[in-house]
Amino acid sequence: MNEVGFLGMGIMGRPMAVNLVRAGTPLVVWNRTAARCEPLRQEGARVAASPAEVFERARVVLLMLADEEAVDAALGRGTSRFAANVAGHVVVHMGTTSPAYSAELAAAVREAGGDYVEAPVSGSRGPARAGRLVAMLAGDPGAVEEVRPLLAPMCRETIVCGAVPGALLMKLAVNLFLITMVSGLAEAAHFAVRHGLDLERFRQVLDAGPMASVVSREKARKLVEGDFEAQAAIADVLKNNRLIAESARASGVASPLLDVCHGLFSRAMTLGHGAMDMVAVVRAVEAETERLTRGEQA
């Protein structure tokens, strides 16, 4: 079992898997829609017909799947296939789900005779392609140290966050900042446009100042160019917003800024922008201005 397994060839998973195989990792991959694995086959990866085949060939299996239902389905959780898949393997959960779900999955994997590592990543499609993601890891120290070097072709840094679900809680904290920051940037750009300012000059001032970051530079560029091709889609951000809010409520933590953002992203979704990049939340801000212009009540 010298191969590494990878389940999920979505907007993040496929470029991550490509970086692994290009780095020389012997990789066996699977995706529910098999055609999405073809670029990996061309890169030299083995394409499996089922998740079970991946587990047969690989001790360490990375999961970059859409949601909790997709993870359960791929692992065969709730069926006799689950124990057969995970026993003697290291299951590495790299997607974003609720911390409570991850803790339950960790317990189930350990009970079935496997090891479990949380390894959610910070970064969107661009950093995924460039191998510049940041991974947060949690789990048994031995399993974490086994997995950590495997992530190097995908991640510029790996940070250990203690026991499960510490990594996912850390990811949600980071995403809370991202969501509120991009929402603020979109509102600021809208403010500038509505006051007759040149949006390119706004971008230049922001880029030259102390608030500039990799995220602000990329999202400001997208606003200037009207480029809403998804790096992190509105629909995915809304899911993350919900997960953060649920975790905040469960622990009695206030999240007032996040709650406002939830309303904006929900409005953007209702307006039909769910597949667009998160910076398209500016469309919800524009809609609010139009409502005020018409003198309508919220």
Side-chain angles (χ1 to χ4, degrees), residues 1-67 70-71 73-76 85-86 88-97 114-137 143-159 167 171 214 218 227 229-233 235-236 275 277:
M1 286 191 182
N2 65 338
E3 291 175 294
V4 173
F6 203 118
L7 309 182
M9 297 293 111
I11 193 169
M12 293 287 289
R14 186 158 64 177
M16 291 165 66
V18 165
N19 283 333
L20 280 175
V21 74
R22 286 179 178 173
T25 305
L27 201 65
V28 53
V29 303
W30 173 86
N31 192 71
R32 184 175 59 181
T33 303
R36 293 193 63 82
C37 293
E38 191 54 35
L40 272 298
R41 189 194 305 275
Q42 294 174 10
E43 293 283 349
R46 185 189 301 274
V47 177
S50 67
E53 183 182 344
V54 174
F55 280 98
E56 288 170 4
R57 306 193 66 91
R59 167 172 161 76
V60 178
V61 179
L62 313 179
L63 315 181
M64 194 62 177
L65 297 164
D67 51 33
V71 172
L75 296 179
N85 283 336
V86 306
H89 295 79
V90 183
V91 176
V92 185
H93 177 30
M94 302 193 74
T96 304
T97 61
D115 287 309
Y116 181 85
V117 174
E118 277 182 349
V121 294
S122 180
S124 58
R125 183 176 60 179
R129 286 175 171 170
R132 301 284 293 170
L133 297 167
V134 176
M136 294 146 276
L137 289 84
V144 166
E145 289 310 310
E146 179 177 357
V147 167
R148 199 174 188 179
L150 297 176
L151 306 184
M154 302 180 289
C155 304
R156 65 177 174 83
E157 192 163 354
T158 55
I159 299 170
K171 170 70 184 291
V214 172
E218 177 60 16
D227 168 20
E229 181 183 0
Q231 295 172 322
D236 293 329
D277 187 77

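Heavy-atom basis, side chains included; hydrogens, waters and symmetry copies ignored.
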Donor-acceptor contact present, side-chain Asp115 to main-chain Ala143, <3.5 Å: no

Heavy-atom neighbours of Arg46 CZ exceed 12 at 6.0 Å: no

Under 3.5 Å donor-acceptor, Asp227 side chain and Glu229 backbone: yes

Closest contact, heavy atoms only, Gly76 versus Asn85: N-ND2, 4.4 Å

Over all atoms of both residues, closest heavy-atom pair of Leu27 and Ala17: CD2-O, 3.5 Å

Check: Ala232 main-chain N/O paired with Asp277 side-chain donor or acceptor under 3.5 Å: yes

Minimal non-hydrogen separation, Cys155 against Ala135, with atom names: SG-CB, 3.7 Å

Distance-minimising heavy-atom pair for Ala74 and Pro51: O-CB, 3.2 Å

Within-4.5 Å side-chain heavy-atom neighbours: Thr97 and Leu65: no

Heavy-atom pair of closest approach, residues Arg129 and Pro15: CG-CB, 3.8 Å

Check: Leu133 and Met16 side chains under 4.5 Å, non-hydrogen atoms: yes

Pair Val134-Ile159, side chain to side chain contact (heavy atoms under 4.5 Å, CB included): steps then yes or no: CA-CA 8 Å; Val134 176; Ile159 299 170; 4.1 Å; yes

Close side-chain approach of Val61 and Val91, heavy atoms under 4.5 Å: no

Any side-chain heavy-atom pair of Val54 and Phe6 under 4.5 Å: no

Interatomic spacing from CE in Met12 to CE in Met64 - rounded to 0.5 Å: 4.5 Å

Between Lys171 and Thr96, a side-chain donor and acceptor under 3.5 Å: yes

His93 and Tyr116 aromatic ring geometry - parallel, tilted or perpendicular at 30°/60° bounds: tilted

Side chain to side chain contact (heavy atoms under 4.5 Å, CB included) between Val29 and Leu7, intermediate numbers included: CA-CA 6 Å; Val29 303; Leu7 309 182; over 6 Å; no

Reported CD-to-CG distance for the pair Glu118 and Leu63, which is rounded to 0.5 angstrom: 12.0 Å

Validation row: Val121, Met94 side chains within 4.5 angstrom (heavy atoms): yes

Side chain Arg36, main chain Met9, donor-acceptor under 3.5 Å: yes

Side chain to side chain contact (heavy atoms under 4.5 Å, CB included) between Val117 and Val90, worked out: CA-CA 7 Å; Val117 174; Val90 183; 4.1 Å; yes

Glu3 side chain near Arg59 side chain, heavy-atom distance below 4.5 Å: no

Trace of the side chain to side chain contact (heavy atoms under 4.5 Å, CB included) decision for Met154 with Arg132: CA-CA 6 Å; Met154 302 180 289; Arg132 301 284 293 170; over 6 Å; no

4.5 Å side-chain heavy-atom contact, Leu150 and Val4: yes

Test item: Glu53 side-chain N/O and Ala49 main-chain N/O as donor-acceptor pair under 3.5 Å: yes

Any pair counted as side chain to side chain donor-acceptor pair (under 3.5 Å), so long as it reaches residues 14-34, sequence neighbours left out: Arg22-Glu43

